[in-house]
Amino acid sequence: MSFLPYKLKRWQWALVAVVLCCYFVFATFNVYGGFYLGFPPYTPLFMNDTRMGFERQFKLSRKSRLHFYGELREGRTTVKINGVEKAVLLGRIDKAIILAAGDWVLKLENNSSTGQLGFEIQ
């Protein structure tokens, strides 16, 4: 006697495992705040009452544009470049900062930020 009237195939078990992992990650993300998912500039930061900072170092060979986009529903994010505050991001975001060639350190300081934020170097 079996509890399941239908036996799952191997690929169906793999699909169930992946869906369950995704469910647990997003359920945890929605219940417990204070952290973010994502890894900019490859994927946006999905923030949930985040206070964790984010720091990225990069080297530019020519003059470039650092473009921020997304939406913060609550809180604010401060953008510091080489230790100098350049912008405070609130609400809908579509902001650009021009950077000269050279070494740069980008730091995002979050103050209970909720929403999504991405950036790219153009």
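All heavy atoms count here, side chains included; hydrogens, waters and symmetry mates do not.
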Measure the spacing between [atom1] of [X] and [atom2] of [Y] and express it to the nearest 0.5 Å.
{"X": "Asn48", "Y": "Phe26", "atom1": "CG", "atom2": "CZ", "answer": "11.5 Å"}
{"X": "Thr28", "Y": "Tyr23", "atom1": "OG1", "atom2": "OH", "answer": "9.0 Å"}
{"X": "Ile93", "Y": "Gln116", "atom1": "CD1", "atom2": "CD", "answer": "9.0 Å"}
{"X": "Lys7", "Y": "Trp13", "atom1": "NZ", "atom2": "CH2", "answer": "10.5 Å"}

Are [X] and [Y] packed together at the side-chain level, in the sense that at least one heavy-atom pair is separated by less than 4.5 angstrom?
{"X": "Gln57", "Y": "Asp103", "value": "no"}
{"X": "Met47", "Y": "Thr114", "value": "no"}
{"X": "Leu45", "Y": "Leu108", "value": "yes"}
{"X": "Ile97", "Y": "Phe68", "value": "yes"}

Applying the side-chain contact (heavy atoms from CB on, under 4.5 Å) criterion to Leu106, which one of Leu66, Leu99, Ile121 satisfies it?
Leu66
Is it the case that one hydrophobic cluster holds both Phe119 and Ile98, taking links as side-chain heavy atoms less than 4.5 Å apart, direct or via other members?
no
Got more than 12 heavy atoms from elsewhere within 6.0 Å of CZ, Phe58?
yes
Partners meeting side-chain hydrogen bond (donor to acceptor under 3.5 Å, both in side chains) with Ser112 (sequence neighbours left out)
Asp49, Arg51
Please name all residues satisfying ring pair (Phe, Tyr, Trp, His ring centres under 6.0 Å) with Tyr69, sequence neighbours left out, ordered by chain then number.
His67
Donor-acceptor list for residues 73-92 side chains, cut-off 3.5 Å, not counting sequence neighbours:
residue : atom : partner : partner atom : Å
Thr77   : OG1  : Asn110  : OD1          : 2.8
Thr77   : OG1  : Ser113  : OG           : 3.1
Asn82   : OD1  : Val105  : N            : 2.9

